[in-house]
Amino acid sequence: MHAYLSATLSETAARLYPGAAIPTPQIDKPRLPEHGDAATNLALVLSKSVGKNPRQVAQELVDAFPKDDARVAALEIAGPGFINFRFAAGWLQHQVRAILDQPDFGKTAAWAGKKVLVEFVSANPTGPLTVGHGRNAVLGDTLARLFEWIGAEVTREYYFNNAGRQMRVLGESVAARYHELSVDLGGGVGDGVEIRFSHPFHFPEGGYEGDYIRDIAREYVSRHGVRTDVSQDDPSFKAIAEELIFADIQRTLDRMQIRMDSFFNEDDLYRDGSLERVLDGLRAKDLVYDQDGAVWYRTTAFGKEKDTVLVKSTGEPTYRLPDIAYHVNKLERKYDRCVDIFGADHIATYPDVLSALKALGYDEQKVDVLVYQFVTIVQDGKPFKMSTRKANFVTLDELMDEVGADVTRFFFLMRSPGTHLEFDIAQAKEAGEKNPVFYLQYAHARIRSILRKVEEAGVSAEADLGLLAHESELGLIKQLIAFPDAISSAAESKEPHRLINHLNETAVAFHKFYHDCRILGEAPALAAARTGLLHATARVLRNGLGILGISAPESM
RNA sequence: GUGCCCGUAGCUCAAUCGGAUAGAGCAACUGCCUUCUAAGCAGUAGGUUACAGGUUCGAUCCCUGUCGGGCACGCCA
């Protein structure tokens, strides 16, 4: 409908004002129902170039508009020169049939044929996922789902590093706990027996203090027994830590309905020469130079105050070099769009990646970054500073144990990514009945319940949808047909909360319908028509909740 | 000190890429269950959109400045 209005307006304007440049008419949904079902500001935009006042332009457009009564019931001029359209009831009723005919109603082909990579979570396997990771994970996965609904072919990728200093400290932390445990066990010989290790052990500086490290140590003992000959830096400690922690992370993601398509190990970039290729390429552009034994990236050439080290004097790259190489790798894999999900703390790093990509001859416009603001954890009414290393955190698993996966996902999605999200643990735990996610689920459950009763009563499935003329019925239909636009808007803007807002409005429209219109007890033909409308509404809610990764319960 | 993000009802947040009278939820108050789920509905109250200017038909949105909060500024990741 919007496309039809826009195109017709465009033709009308071109016919009226042959010389003028006609912009693509913008069609909005007015906030107030008195302003009709769709509105355009075209007259206001044109008034200057045409040299007439906006109301006059609007009048001329309305007079010349070839009104198709089957679609548009009325055109009105309002305010400073808006043109408001009212949809024909017959057209609205017909849309219900269209929804009923499409199980995946809401899906569009806007990005058909596009390959999109969404990289998210990307937490190194040093500990369980915390609520801090939750926003990243849920935003990334929901964006991936949104992109799929506008036709894209999406890959979910998890980028990780298992070779750095943090992982070394992790392995040593496990080793230290293993040593303590072995002493407690008396070397496996018996309590109180003193055992001797051939190498010294100590808890590392800045080591990981969480209990999960002890769990890993216990698993180590159960697999290998007590070995007095290993040293603290034995690779077996890091290996088992990585294995078990990764398994834990994937379990957590699984609980949240997140399934990765690909895990990308940063170490591959070291092995296949990618880092050298990036350095050589940048050096050829005179953007890389050596100084003080280190290799520098000339970021001052792009307006930064200081240049940036890419390779330390120790010969070890900083994280920025593999970051660049990783994005080169993504673009080499021929993705049309590479979306990164970053917390606000990484906001300063990606301009370097973009400038390097451009310098190397890649289209950096294909890289698209969603930066979300931090989650502030509030516990006992006070902000709570988290640290994985100090074991000072709330894990996503603990959170889901308390409030469930649906509430967890919804909570991270309901706010705009750009604003700080306050996560009050106590409030989330007590959320229960008052939680906003239940409002949506309840609407769906209520519909399903009615449909079960309707089926028992034997209401005919053959519906004359032309009987849907009540204000609440038409209002609900208008809400339903806006669903595909809500999806593409949320996807294009990378703001999933827009879909939540829309679904909330849909639930409001349904509850109003429920309040005003009954089914059982009505004349059979009307009951059948309303049953059709309920099926369509349930479909929109179910599809919408599916995009959010939240269940649509049959009953509550 | 420099850069980025944010500032909207008592609290948490919306406001459809500059649109018409700035909206929800929670908290407060008033009504509605003999009828398909009251986890619902209807209503009342709550605002100088931090502040001061600017751009134009029109600004919560764009520009400048001030104040306040967060983050980043390392041969850490």
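Chain letters run A, B, ... following the sequence lines, proteins first, then strands; residues in each count from 1.
- Between the NE2 atom of His2(A) and the P atom of U16(B) there is a distance of 15 Å, given to the nearest Å.
- Note that Arg283(A) lies outside the cation-pi zone of Tyr289(A), set by a 6.0 Å cut-off to the ring centre and a 45° limit from the axis.
- No donor-acceptor contact under 3.5 Å links the side chain of Asp28(A) to the base of G19(B).
- A donor-acceptor contact shorter than 3.5 Å is absent between the side chain of Glu76(A) and the backbone of His35(A).
- Atom C1' of nucleotide G3(B) and atom CD1 of Ile347(A) are separated by 10 Å, given to the nearest angstrom.
- For an aromatic pair to be called close, the ring centres must be under 6.0 Å apart, and Phe160(A) with Phe246(A) satisfies this.
- Taking 4.0 angstrom as the limit, Tyr439(A) places a side-chain polar atom (N or O) nearer than this to OP1 or OP2 of C41(B).
- Remark: the Tyr442(A) side chain and the A39(B) base include no donor-acceptor N/O pair separated by less than 3.5 Å.
- For Phe82(A) and G18(B), the CZ to P distance is 13 Å, given to the nearest whole Å.
- Taking atom CG on Leu520(A) and atom P on U37(B), their separation rounds to 9 Å, with Å as the unit.
- Of the charged side-chain nitrogens involved, none lies within less than 4.0 Å of a carboxylate oxygen, so that Arg320(A) and Asp323(A) do not count as a salt-bridged pair.
- In this structure, the CE atom of Met414(A) is 15 Å from the C1' atom of A15(B), given to the nearest Å.
- Side-chain atoms of Ser493(A) stay outside donor-acceptor range of the base of C17(B), with no qualifying N/O pair under 3.5 Å.
- Once the 5.5 Å centre distance and the 30° plane angle are applied, the aromatic ring of His35(A) is found stacked with the base of A20(B).
- For a distance-only test at 3.5 Å, the side chain of Asp516(A) fails to qualify as a donor-acceptor partner of the base of A42(B).
- Atom CZ in Phe374(A) sits about 13 Å away from atom C1' in C4(B), given to the nearest Å.
- With both ends at atom P, the span from G7(B) to U12(B) equals 13 Å, rounded to whole Å.
- Spacing between A22(B) and C13(B) at atom C1', rounded to whole Å, works out to 13 Å.
- The nearest whole Å value for the distance from the CD1 atom in Ile83(A) to the P atom in C57(B) is 19 Å.
- Ion pairing between a basic and an acidic side chain is recognised when a charged N comes within 4.0 Å of a carboxylate O; Arg452(A) and Glu455(A) show no such pairing.
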